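Worksheet for the structure shown next.
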Amino acid sequence: MTGSPEYRPMIGLEIHVALATRSKMFCGCSAEFGAPPNTNVCPVCLGLPGSLPAINARALELGIMCARAVGGQVQARMHFERKNYHYPDLPKGYQISQYAVPLAIGGEVVLDDVEDAERRVRIRRVHLEEDAGKSTHSAETGHTLLDFNRCGVPLAEIVTEPDMRSPGEARAFLEELRALLRVAGVSEVRMEAGELRCDVNFNLVRSAAGDGLEGTEISEVKNLNSFRSVQRALEYEVSRHREAIRGGEPLVHETRHWDEERGITYAARSKEEAHDYRYFPEPDLPPISVDPDLAQYLAAQVPELPRARRRRFRNEFDLGSYDARALVSEAELADFFEEAVAEGADPKDAANWILGEVRGHLNATGDSLADLPVTPRMLAALLSLVAAGEISGTMAKDVWSEAVETGRDPVSSVEESGLRQISDEETLDALVEEVIEENPDAAEEFTAGKEKALGFLVGQVMKKTRGQANPQLANERLRKALRNGSDHR
Amino acid sequence: MRMSPEEVEAVADLARMNLDPGQLERMRSDLGEILESMKALDDADVADVKPLFNPAETDANVTRRDEVVESGIAEQFLASAPKREGDFVVVPRFVGDEEEKDA
């Protein structure tokens, strides 16, 4: 193999995202997740004879916004098709999907922090379809249990070109896509609710004669429902394909399933992959024309996308890429941040506070920021007290926690409780003198060169003031007093 | 225009039909005749005809508002299932995307 170029992974993804509608794609059943089994069902989604589907206008709108979020070209005219296959979780015997003319063609998602370089992942197409029911295997009886609540829930399927070059990159793409979809308001993308599921296409390739590529046969791993599984399944496939090359054993183009527990993929039975979907235009649904005005209006509804916002946060507010990424990945945090800065907060302080205190609280409680009685203005006022040295960081955290619980303005809490930090030198100097007198040993140790002793003395000042002394200033004044004292002695 | 026995078998498979050799041969002959009559379509001049995806070719987008309407048939549906376990419909185990750990 000497002289041959190295093999590298080539990865493409198909992502199914549940759209944030109230009702299903083609009927009025609730699309809500988590309802008791088989409660959101009707003749349409159960495929009963004589029922007719009707297109959910909002699903179409969200699909268009989804396509815009990934830069796709929305088609002026499109139609639905039947994808025929027999599965118990699909009562009609076909899935209404799109094939010949999808909702949108083209687009790209740019990953800006991958291996310190930009990576462009091209989007091939976005189409609309309906979800199937959920089947669960009952270990007890050996049967399959069906719940049709999910059957007919609107999905956007996003298909990428095989542009990702490592499992980590595939994961980074998914994270970026999730942020995009959330910001665009297309889907809440709750992973635990199965609102994003992913199929991966994988092989190893290397350049061959001319401009061509040669590689192993493609593996398709189906129905991964967490970013971690996507990455792990791909890592497994990388080693499996590498080993096959090493051992000179041929691979076959096949569908595989991921076993989360064992951490391996395994081949689907050959019967399952003998697909012949016999797509044809859905006769029960009229074609759809997308009015250019509507498409434009919807495109305008898509707010600033994460990548642009991150860049702006870095440039305008001088944030590091970690902070910018962390804030922008949760739109409500980013909004809160911007408003706090507009109210006069220092951007870096605000970012630290929001990513520490605020996010910590939200993660711990599962609350949403909108549920909390705190405002960006409160945070800005509090941070300026800290910046001016009027209160310590610890005090700020205390009054903030109180504000989060009760909605009490943290600045008035500070005023009323007299928590204001003692930052005037005269008051502190008097206390410093007392502490030195009361702790002659420690004072002696420090002047003898033992830096550590100073920490103890600062602690004593803090104790006397019940934490209200400005610790930095106390440190300074102590140092000064001790130095003068030893000079006198 | 005769289909090969393999083609007929593949179509039967897709339709979930088990055909014995006699049925298969009869089906093959029937399908051949149907395809033969369909060949008439080959004579139509479609050079100037745009593809038509739906007979109701219209610009009036027919959609419905995103509103929840309860069908009220949930209980009736479960009651009519040949086999149920709690609120689930029970079917023989099939291979696919089932999530075994949820059970």
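Each chain gets a letter, A, B and so on, in the order its sequence line appears, and its residues count up from 1. These numbers come from a predicted model, not from an experiment. Worth knowing before you read on, the calculation uses all heavy atoms, side chains too, and leaves out hydrogens, waters and symmetry mates.
Using a 4.5 Å cut-off on side-chain heavy atoms (C-beta onward), A:Pro43 and B:Ile73 make contact. Counting only heavy atoms from C-beta outward, the side chains of B:Val90 and A:Leu145 approach each other to under 4.5 Å. In this structure the side chain of A:Arg278 reaches within 4.5 angstrom of the side chain of B:Leu14, judged on heavy atoms. Under the 4.5 Å side-chain criterion, counting only non-hydrogen atoms from C-beta, B:Asn54 is in contact with A:Pro287. Residues B:Val89 and A:Phe148 are in side-chain contact: their nearest non-hydrogen atoms beyond the backbone lie under 4.5 Å apart.
Counting non-hydrogen atoms of other residues, nucleotides and ligands closer than 6.0 Å to CE of A:Met191 gives a total above 12. Applying the 6.0 Å contact sphere to CG of B:Asp42 captures more than 12 heavy atoms from other residues, nucleotides or ligands. Within a 6.0 Å radius of CD in B:Glu70, no more than 12 heavy atoms belonging to other residues, nucleotides or ligands are found. No more than 12 heavy atoms of other residues, nucleotides or ligands shown are found within 6.0 angstrom of CZ on B:Arg26. Within a 6.0 Å sphere centred on CD of A:Gln296, other residues, nucleotides and ligands contribute 12 heavy atoms or fewer. Crowding of B:Met3 atom CE: a count of heavy atoms from other residues, nucleotides or ligands under 6.0 Å exceeding 12. No more than 12 heavy atoms of other residues, nucleotides or ligands lie within 6.0 Å of OH in A:Tyr297, so this atom counts as exposed by the packing criterion. The local environment of CZ in A:Arg228 is sparse, with at most 12 non-hydrogen atoms from other residues, nucleotides or ligands closer than 6.0 Å.
Within the model, atoms CZ of A:Arg58 and CD of B:Glu67 stand 13.0 Å from one another, a figure rounded to the nearest 0.5 Å. Between the CD1 atom of A:Ile288 and the CG atom of B:Asn61 there is a distance of 4.5 Å, given to the nearest 0.5 Å. A distance of 8.5 Å separates NZ in A:Lys134 from CZ in B:Phe88, rounded to the nearest 0.5 Å.
With a threshold of 4.5 angstrom between heavy atoms, A:Leu285 approaches chain B through N, CA, C or O but not through any side-chain atom. Only the side chain of A:His79 comes within less than 4.5 Å of a heavy atom in chain B; its backbone stays farther off. B:Glu85 touches chain A through its side chain: at least one heavy atom from C-beta onward sits under 4.5 Å away, while N, CA, C and O do not. Looking at A:Pro286, both its backbone and its side chain come within 4.5 Å of chain B, counting heavy atoms on both sides. For A:Met25, the part sitting under 4.5 Å from any heavy atom of chain B is the backbone (N, CA, C, O) and nothing else.
Residues meeting the salt bridge (Lys or Arg N to Asp or Glu O under 4.0 Å) test with A:Arg256, sequence neighbours left out: A:Glu237, A:Glu254. A:Glu130 is linked by a salt bridge (Lys or Arg N to Asp or Glu O under 4.0 Å) to A:Lys92, counting only residues two or more places apart in sequence or in another chain. Under the rule for a side chain to side chain contact (heavy atoms under 4.5 Å, CB included), the partners of B:Arg84 that lie at least two apart in sequence or sit in another chain are B:Glu75, B:Leu78, B:Asp87.
Across A:Val290, A:Val41, A:Val101, A:Val44, the residue that shares the most heavy-atom pairs under 4.5 angstrom with chain B is A:Val41. Chain B forms the most heavy-atom pairs under 4.5 Å with one residue out of A:Ser289, A:Cys42, A:Ala132, and that residue is A:Ser289. Taking A:Asp147, A:Asn84, A:Leu46 one by one and counting their heavy-atom pairs under 4.5 Å with chain B, the maximum is reached by A:Leu46.
A donor-acceptor contact shorter than 3.5 Å is absent between the side chain of B:Asp66 and the backbone of A:Asn56. Side chain of B:Thr63 to backbone of A:Ile55: no donor-acceptor contact under 3.5 angstrom is found.
Residues of residues 27-37 of chain A that come closer than 4.5 Å to chain B, counting heavy atoms only, are A:Cys27, A:Gly28, A:Cys29, A:Ser30, A:Pro37, ordered by residue number.
Smallest separation of non-hydrogen atoms from B:Val91 and A:Pro88: CG2-CB, 4.0 Å. Shown here for A:Ser23 and B:Arg64, the closest heavy-atom pair between the two residues is OG-NH1, 3.2 Å.
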